[in-house]
Structure formats: structure tokens, C-alpha cells
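These notes concern the structure reproduced below.
When reading the values below, keep in mind they use all heavy atoms of this one structure, side chains included, and skip hydrogens, waters and symmetry mates. Per chain, numbering begins at 1; letters A, B, ... match sequence-line order.
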Protein chains: 2
Amino acid sequence: MSISIKDVAEKAGVSVATVSRVLSEGPVRADTKERVHAAIKALGYRPNLSARRLRTQHAQTIGLIVSDIRNPFFTAVGRGVEDAAYRAGMRVLLCNTDENVERERMYLRLMQEERVTGLILAPTLAMLDQLQKNPLQFPAVLIDRAGAGGLYDSVVLDNREAANTLVEHLFEEGYRRIGGVFGQTSATGLERRDGYCASMKARGLTPDPRLLPPTVDAGEKAMSEWLAGPDAPEAIIASNGLLLMGVVKAAQRLGRAIPSDLAVAGFDNEDWTEVVGPGLTVIEQPVHDIGRNAMSLLFDRLQNPGLAPRKVVLSGRCIVRGSTLASKPAALAENRSAPLTGAAAMNP
Amino acid sequence: MSISIKDVAEKAGVSVATVSRVLSEGPVRADTKERVHAAIKALGYRPNLSARRLRTQHAQTIGLIVSDIRNPFFTAVGRGVEDAAYRAGMRVLLCNTDENVERERMYLRLMQEERVTGLILAPTLAMLDQLQKNPLQFPAVLIDRAGAGGLYDSVVLDNREAANTLVEHLFEEGYRRIGGVFGQTSATGLERRDGYCASMKARGLTPDPRLLPPTVDAGEKAMSEWLAGPDAPEAIIASNGLLLMGVVKAAQRLGRAIPSDLAVAGFDNEDWTEVVGPGLTVIEQPVHDIGRNAMSLLFDRLQNPGLAPRKVVLSGRCIVRGSTLASKPAALAENRSAPLTGAAAMNP
DNA sequence: ATGAAAGCGCTAACAT
DNA sequence: ATGTTAGCGCTTTCAT
């Protein structure tokens, strides 16, 4: 049993109410306040947050559920959330679902049992669906992956635009057979795929998107097979940093030079994308802003629960590096304009 | 106000005690149990963890305080901890101090206010000191950075051995002017520095260690100046993944080729170290094991508080890649054996 | 300015 | 097997 407010009250010769007032900076005479502080120090008293929360019905806690803590995108977003939360005197409860709906459900339950003040959530596709049917009991903001739904506040990237930017850039550099690997567990992965497909078609090219688990290993495995086959692309787009890493690993393993054998572009401007090979062309997401915006939407909603759901759409910034800047013979470039299906047809 | 056990009891026509028994799988008749479950479902009841914790005096919570969540080493350790915790029915409270003693103290206070069951902590140097003077009120396990102190259980890498392994490897490859950058905020950084210095001296070489804040930027800045100066090393050791990244960035910025202009070795086998340049030689830490071992020590202590503090020392594995494998003329190698101070002296 | 007392939601004796 | 009740540590009326 640890030291309670009662022990402090006894030691200071006052009532528990007075101690409580001292703790909450209430009206207390200076000398009694001093006596109480002395007692607190002498006993090493620390308030019990469980008791306080139970009494006040105020958790002062923001839940943050992300799908993969190993993904630097989410750690960066987390920092944004944390900074804003602590400025507001709130704690952050960080949970990691591993893109696993089971765990996601478990953590959502936990959040409810903790009676969190609000929640910031990067849901899987499956969860996104459930959230529309069974709305949450507390204010929530969706990040990174909001889908179309209109029940929740959200802050996302303009994924279609960003994917289009990458396709456009590759097209202008002369690439035609442009493939793409996309995370299959998130609305974001799908949106980037859609943007890619639309952009390809708009240029008269045949899209070749592959949906994968958003992990390094899945990316490497899929790309290894793809690159070794007859329908190998001459440029590839990866929908997040983990898949991008997988692509690079596969290219290296197969001895494909970047960009001369394979041009590479992707999402997430992580440190390593700058130093690998000739540098990787990426869409940089305003990671910290995503976190901050999410908190800001959340606080607005806490103050005014009646607000209509808002969607904040941020833009990515395309950082062009050497991985997409092959300068090659025009002849080869000509060759490239053959539609992707042409080559694919060679492989019945 | 949310739904409480009382509402459920009323709806099911039983007492709150019975509901509580149902929740804790106590002895309840099958049909009443069913009625209670029905009521729970109908009302969407979820237990209030604050109340439960207050009553049971059992937080069922493991605190985890790390110094930098952006460092993949710590996210990986975190996963190990989380896995073990959830298997034991415990929650993890993850906090991130940014190597900032202020925040570290704040979080330590928070842990106490949450009345955590136990704590896993990667302390800064300054905190390590305080921990010896003012012991914590609850069981704690130090990870990554334990220093010499004997008050706490700890699980660490054999840092001196690992640093020696790197020096030895570089020496055998013919490098003589071997510099090192080490994190200045952790016992681990200092131990690796000491191991490096001892190993250098044992080979008749003059060590040139630099202590830095353990960040990419600090590493890049320091190395840029170092490499541009007259006492530039021909090989460099970096004491963690962030500094290692800084070294690589600096080398690239200055147009130094790896390994022909600068050999590079470091700690932490992150994905990117495999794909950058010729691949980076690194010490791989058993990251997941560190987390798991920490939890295991913690649980042992919870069951038996009287145990004497134990220190688990794990070994790193040296992964040799191209960044340290320059094959160069013997003449150059001869040149290299000139003591580092010789060159340094040219710069008064 | 301070104290007495109720009660937040829950569990665990102790009754029945 | 089930109900009654005390109390975990705290805040917050309501008195004084």
C-alpha cells in the first residue's frame, strides 16, 4: 500500500480536503500550504492517478493506435501527437496493432476501458468498415487512412495527387513500363494505387499494381519474383517506406542497378532514402503536421462535440533524386512506349 | 457518465457482486451468467480500469521509458517488451524522453503516479546517477545502459567487447587511423568508447574518440568538419544507428567514397545498413531478446522482491559488409601506421 | 480558510 | 450461488 493523501493530511495536521486543495492550487493559507508541502516531501507522496481519474471522470489521456511502430512514418506522427498532448497536460497511450484486426479490436476495447478523452487512430481497412457501422463511444480522429466515410474527423495526405505526381515524373523521364506495389491493409495503400492507375491510364499506359502486406519482406519477395520474370517493369512505385525498402533490397539482390535497370520512386522521406544508391525519389509527407493537426481536430471536437466531421487533406512534396533520373538512349526510350500488356502477353 | 456495473446489475436483476463475479469468471450459475452477459451486451458495458486498479491496487502495467523512439533499436526492444507483457496480461505504457533529463524525471514521476507494476528503463547518464542515490519505489530493469551500479536488474550488450571486435576487424583490414563517434548521453556510448580506446591502445594506435549527442544531425555535422580537416580518419566507428547515418551522410556530402576514402563500421543492424553503398559493417544487437530478457528479469523480481540484482550481458554479432573491405596497395597501408597524433600535431 | 462527508466504479470479505 | 457492504484514494459540495 502506498502513501495516500490521508497520510499527508495526518502528518501536516490538516484534513484531506486541505491537502487536495493544495494539490490543485486551491485557496489555502500560505502557512498551511507550506506545512502540507513539507509533509508531501517528507513522505514522498505522489497522487494516485487511478483514484483521481475515477473521481473526476477525466482520464486526461489521448489514445494513439498505429499499425506499425517500426514504420518511421508512425513514430514521427506519434511525436507530433505527443508534443501537442503534453502541451495540453494530457498523456498519450500508444498502441501498436501490427496491421492485425484482432489486436486492433483489443486496443479499441482497452481505450474504452481506460475511458480515454479522445483517440487518434490509423485503422486497417477492415476496421475502417466496422467503425462506420459501430461508431466509437468517444471522439476520434482518423489519420493516414480515412477512406471516404464521413463519421470521423480525419487528417490524410492527398494520396491520389501524390501518386499521380510520381507517375507524371517517371513519365516525363521517359519511363513507360511503370509498376507499383501498394499496401493492401490500408485505405491509403488503395488510394495510392487508384491514383497510380488513373494517372497511368490518362497517359495511355497500362497500370500494373500489386497489393501486398506493407512490410519489407513482402516487398522484397514480390519484387524479386517480379523482376526475375518476363513482365519486369522498368520503373516501380512503392506506397510506403517499408515496401520501398523491400524494392531496393530485391533490386540489389538481383543485381539490378538503380536507375539504369530499374527506376525507383516511393513514399516517405526517411533518412536512408537520401543515402542509398543515387538517392531515392520520394513523396515527403508532413509527418509532424499530421500529428499536430490530428490533435488540433481532436481538441476542437472535445470543446464542441456537435461539430460536423472535418477532413484535413495535406499535400506531399515530391523530392526528386537520382533513382528516377536515368539518362538513356532515345532508342531505348522508344522501346519503352510499348504498352505493358505487350510484354506480359509474351508470358501466357 | 458511462455505463457502470450497477446499470448492468439492475438490467440483469442481480447484485453488482454477481456481475463482478461474472466478469472475473467466479462461481455463478449458468443461467444468471447468461442474463448478465446479455445485459452487458445490451448496454455495451465496459469495465472501468481506473476503478478496478484503485480497488485491487494492481495496475497490471509495465512502464517502458526509452530515450528516442525514432531509434529503431528502441522500437525493436519495445516490441519484445510488449509481446512478453501481453502474454502476461499486462499493458505497456511507452514513454519517450528524447535524451532529456527533464522529461525523464517527469515520466518517472508519471510512472509512480500510475503505480506501475514495474518499469523498464533506458536511462540517460545523468539519470543513472540519480537512480543510485534515490532508488525507485517499484521494481525496475535497466536496459541498454546500466553502468556499473548494482542496485537494479539490467540487460545490456557487452559493449567493450563489441567495440573491440570492430577495431580488431578494421585493424586486420589494414586500417590504422581509426576514429570513433560515440553517444555522450548514455553509459552505453561511453562503454563503447572505452572499449574502442582500449582496443586501439592495445594495438599501439592512438584513439581519437568524439562524444556527441546521439542524433543523425550531430553525427553528420561533426563528421563533416572532421573529414574536411587535416586529422581526417581513414576509418570510423559509430556507436549507434543514428550516428552511423550521420557519418554516411557526411561522407556522401563531402564526396568521400566508402570504403576507399573512408571505411565505416557501426552499431545496429538496421535494414538500410544493408543497402547503402557497399553495405555497412555493423554489430547486430539481439534487440528482441533484450526486451524479452528485461521482462523476464522483471517478472522474477515481482515474484521474489528479495532477489539480488542480476545483470544479463548479451553479445553482439559482427556482420561484415563492404564498407570495411577496401583492398588497397600495401604502400598506402604502410603509410597508415603513422600514429594519429602525428597528423593531429600538424594542426596546432 | 478549513473540515466533514459523499461518492466515482469496482472487488472482496462476510453474510445468507 | 448470490446479496450486502466496506473501502481503495481522491475531489467536491456543503457546512462551519
Original post:
Would you call B/Leu49 and A/Leu110 a side-chain contact if the rule is heavy atoms closer than 4.5 Å?
Top reply: yes
Subject >> From OG (B/Ser296) to CG (B/Asp300), nearest 0.5 Å >> reply: 5.0 Å
Subject >> Euclidean distance, atom CZ of residue A/Arg53 to atom C1' of C/dC10 [Å, nearest integer] >> reply: 15 Å
**OP:** Starting at atom CD of A/Glu10, determine the distance to atom C1' of C/dA4, rounded to an integer number of angstrom.
**Re:** 16 Å
Subject >> Rounded interatomic separation in angstrom, taking CG from B/Leu23 and C1' from C/dC10 >> reply: 10 Å
**OP:** In whole angstrom, give the distance that lies between atom CD of A/Gln60 and atom C1' of D/dC10.
**Re:** 14 Å
Original post:
Closer than 4.0 Å, any side-chain N/O of A/Gln57 to the OP1 or OP2 of D/dT11?
Top reply: no
Original post:
OP1 or OP2 of D/dT11 sitting under 4.0 Å from any side-chain N/O of A/Arg52?
Top reply: yes
Original post:
Is there a side-chain polar atom (N or O) of A/Ser15 under 4.0 Å from OP1 or OP2 of C/dA4?
Top reply: no
Original post:
Over how many whole Å does the gap from B/Ile3 atom CD1 to C/dC8 atom P extend?
Top reply: 15 Å
**OP:** Could I get the full list of side chain to side chain contact (heavy atoms under 4.5 Å, CB included) partners for A/Arg292, not counting sequence neighbours?
**Re:** A/Arg87, A/His288, A/Asp289
Original post:
Looking at A/Glu113, A/Glu114, A/Gln112, which one forms a side chain to side chain donor-acceptor pair (under 3.5 Å) with B/Arg46?
Top reply: A/Glu113
Original post:
Atom CG of B/Leu54 to atom P of D/dG7: distance rounded to whole Å?
Top reply: 14 Å
Original post:
B/Ser24 side chain to B/Ser20 main-chain N or O, any donor-acceptor pair under 3.5 Å?
Top reply: yes
Original post:
Rounded to whole angstroms, how far apart are NZ on A/Lys6 and P on C/dA5?
Top reply: 13 Å
**OP:** Taking side chain to side chain contact (heavy atoms under 4.5 Å, CB included) as the test, write out the residues that go with B/Val28, two or more places apart.
**Re:** B/Thr18, B/Arg21, B/Val22, B/Thr32, B/Lys33
Subject >> With B/Tyr107 via ring pair (Phe, Tyr, Trp, His ring centres under 6.0 Å) - residues at least two apart >> reply: A/Tyr86
Original post:
In whole angstroms, how far is the P atom of D/dT12 from the CD1 atom of A/Ile5?
Top reply: 11 Å
Subject >> Minimum-distance nucleotide to B/Thr18 side chain [options: D/dT2, C/dC10, D/dG9] >> reply: D/dT2
Original post:
Hey, are the side chains of B/Phe74 and B/Arg79 touching, using non-hydrogen atoms and a 4.5 Å cut-off?
Top reply: no
**OP:** Check each residue of residues 26-47 of chain B for a non-hydrogen atom within less than 4.0 Å of any atom in DNA chain C, then write out the ones that pass by number, or none.
**Re:** B/Tyr45, B/Pro47
Original post:
Can you name the residues that form a side chain to side chain contact (heavy atoms under 4.5 Å, CB included) with A/Thr188, not counting sequence neighbours?
Top reply: A/Asp144, A/Arg145, A/Asn159, A/Ser186, A/Arg192
Protein-nucleic acid N or O pairs under 3.5 Å, nucleotides 12-16 of chain C:
from: C/dA12; atom 1: O4'; to: B/Arg55; atom 2: NH2; distance (Å): 3.2

